[in-house]
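The block underneath contains the structure these notes are about, expressed in structure tokens.
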Amino acid sequence: MAERRRIIEGSWNCTSCGARNIPARHKNCPSCNNPREFSGKESEFDFGDVDAASGKSTREGVSDEQALGMAGAGEDWFCAYCGAANRGDGARCRQCSAERGSDAKTAPLADLGPKPPPKPAPQPRRFGKVALIVVGILSSCCLGTCAVGIWGNMKHELKGEVVATNWRRALVQERFVPETRSGWRDELTPTAPRMPVNGTGEVAGVTNIRDCVSRQRGTRRVADGTQRVCRTKTRKVACGTEEKCTRRDKGNGFAEEVCHDVTKYCNESYEDCDTETRYRNEPVYAQQCAYDTYVWKPVDTRELKGTEGPPRWPDLTAGTNERVRREEDYSVLVRYDDGGVKQHEVKPTREEEFVAWKKGQGVTLTVTNLGKVEQAVRR
Ligand SMILES: [Zn+2]
Ligand SMILES: [Zn+2]
């Protein structure tokens, strides 16, 4: 691909008289005749704008002998005595005739490479980094609930008093009785029942499997042919060429521009098609049958309740093919003041634990700021 080169002439502003946009070929100001110097940004040249897409300079290139000769003379040097800018190929200062020293300085070269795309305007930040960090650490928890969570988990201690104790004990009498049930044939294994001895060792049994009928047990997914499925996608394809240009500062008020043609890529949409298996749900049938078995059924309940003293069991004896199941339930009510009178219920699981609580006894409660009682200890 052919390269195209151009020389772009920069321009400078005179700090002595204020003249602006002086072409680089003038090393002295055309208005006041002061020499261009390193200081005061006089040697920072403006090379004009470039086209955003191609990077091509919007200025015309120069083609006259004089300008091309200056552009090709190398970087300018600044006289150590008078400060004037001189051609790179000159050995003496054109202003004061001083010799060019080995330490004569040159201007730093400007970076004329492609400009990075403009940065998006910064987001307004009220919580800014703090919010981001908090969200990062506790992603499941937003700033607000975190603060409430931390405050809510803080605890304080309160004094309370036992105002009531309650116990309930019940005996549930159950009998092992025959029952007809239904089940899937392949899950039923004929088993002889066995009656309990002193309420244990029983076997429910499966006998007399009968009256089997076909019933739907569920569904299964089965392949049902294929179907063609297409999705629209995009891909990059070559679509001709486009011009791309770069510029290089020559250090003497001129810049060299190099342009060449590169392949251009465009988005193209296309259909991406696949053959996929189609599925449908098919009912699954199985044999459902009736059978005989035994189950425990409650036949009687005796209950005793009280507020104080040792809890007692009611009177109930198990007969043949029977058992007695025990239920016990204990409750201690503690009253305390947490910005208003409140009650907390302690639920002891065993009798020894329950009888240790006495009405009128002092209690220390540990309560969170959200009002949850975490602990209640007798004093
Ligand atoms: Zn001037
Ligand atoms: Zn000089």
Side-chain angles (χ1 to χ4, degrees), residues 123-175 196 198-200 295-319 322-379:
Q123 297 290 316
R125 27 195 287 191
R126 286 175 64 175
F127 296 107
K129 269 181 193 160
V130 178
L132 279 176
I133 289 164
V134 171
V135 169
I137 293 169
L138 305 150
S139 55
S140 63
C141 170
C142 84
L143 187 61
T145 54
C146 265
V148 171
I150 291 162
W151 173 84
N153 282 334
M154 296 197 306
K155 294 162 199 164
H156 52 279
E157 287 199 343
L158 294 172
K159 303 263 177 264
E161 185 191 324
V162 175
V163 289
T165 58
N166 287 291
W167 60 266
R168 173 192 165 269
R169 278 185 169 181
L171 294 180
V172 181
Q173 185 184 20
E174 294 175 325
R175 195 171 295 149
N198 296 327
T200 60
V295 292
W296 285 108
K297 273 205 176 143
V299 289
D300 195 7
T301 301
R302 305 253 170 102
E303 189 181 69
L304 283 180
K305 286 180 182 178
T307 55
E308 274 155 54
R312 287 164 288 119
W313 288 107
D315 230 9
L316 187 63
T317 331
E322 283 180 359
R323 68 182 180 189
V324 170
R325 191 161 50 76
R326 292 177 163 210
E327 290 176 358
E328 53 193 317
D329 186 31
Y330 304 107
S331 167
V332 177
L333 280 181
V334 178
R335 186 169 295 165
Y336 62 102
D337 197 309
D338 188 11
V341 176
K342 296 198 174 150
Q343 273 194 357
H344 172 67
E345 187 183 25
V346 180
K347 303 276 291 178
T349 51
R350 293 173 302 121
E351 178 181 342
E352 306 88 85
E353 230 180 293
F354 172 71
V355 296
W357 294 87
K358 298 276 184 274
K359 195 172 168 179
Q361 206 171 23
V363 179
T364 302
L365 298 110
T366 308
V367 186
T368 70
N369 281 348
L370 289 175
K372 188 178 170 235
V373 176
E374 298 228 312
Q375 205 180 23
V377 181
R378 288 184 302 277
R379 270 188 282 133

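Everything quoted here is computed from the prediction, not taken from an experiment. Counting from 1, the numbers follow the sequence of the chain as shown.
Ion pair K159/D337 not flagged as a salt bridge, since none of the NZ, NE, NH1 or NH2 atoms sits closer than 4.0 Å to an Asp/Glu carboxylate oxygen. A salt bridge links R175 to E322: one of the charged nitrogens lies within less than 4.0 Å of a carboxylate oxygen. Note on E174 versus R325: salt bridge recorded, some NZ/NE/NH1/NH2 to OD/OE distance being below 4.0 Å.
With 3.5 Å as the limit, one finds no donor-acceptor pair spanning the side chains of T366 and E374.
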With side-chain contact (heavy atoms from CB on, under 4.5 Å) as the criterion, how do E161 and R335 come out once you've worked through the C-alpha distance, each side chain's angles and the decisive distance to 0.1 Å?
CA-CA 5 Å; E161 185 191 324; R335 186 169 295 165; 5.6 Å; no
Apply salt bridge (charged side-chain N to carboxylate O under 4.0 Å, His left out) to R169 and D329, showing your working.
CA-CA 6 Å; R169 278 185 169 181; D329 186 31; over 6 Å; no
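Summarising the geometry of L365 relative to A376, their closest heavy-atom pair is CD2-CB, 4.2 Å, with the distance given to 0.1 Å. Contact record, P348 with V346: CD-O, 3.3 Å, taken as the closest heavy-atom pair. Across every non-hydrogen atom of W167 and P310, the tightest pair is CZ2-O, 4.3 Å. Among all heavy-atom pairs drawn from D338 and Y336, the shortest one is CB-CE1, 3.7 Å. W296 and P196 get closest at one heavy-atom pair: CH2-CG, 3.7 Å.
In this structure, CD in E303 is found 12.5 Å from CG in L316, a value given to the nearest 0.5 Å. Once rounded to the nearest 0.5 Å, the distance linking NZ of K305 with CZ of R312 reads 14.0 Å. Atoms CG and CD, on N166 and E308 in that order, are 9.5 Å from each other to the nearest 0.5 Å.
Enclosure of atom CZ in R168 by more than 12 non-hydrogen atoms of other residues, nucleotides or ligands within 6.0 angstrom is indicated.
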Using a 3.5 Å cut-off and no angle test, enumerate the donor-acceptor pairs between side-chain atoms of residues 356-364 and protein atoms at least two apart in sequence or in another chain.
| from | atom 1 | to | atom 2 | distance (Å) |
| --- | --- | --- | --- | --- |
| K358 | NZ | V355 | O | 2.5 |
| Q361 | OE1 | K358 | N | 2.9 |
| T364 | OG1 | R379 | NE | 3.3 |

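V332 is listed as a side-chain neighbour of V162, based on a closest heavy-atom distance under 4.5 Å. Between R326 and L171 the shortest side-chain heavy-atom distance falls below 4.5 Å. Here the side chains of V367 and H156 are in contact, with some heavy-atom distance below 4.5 Å. Residues E351 and Y330 have side chains in contact (heavy-atom distance under 4.5 Å, counting atoms from C-beta outward). Within the 4.5 Å cutoff, the side chain of Q173 has no heavy atoms near those of the T301 side chain. Counting heavy atoms from C-beta on, the side chains of E328 and F354 never come closer than 4.5 Å.
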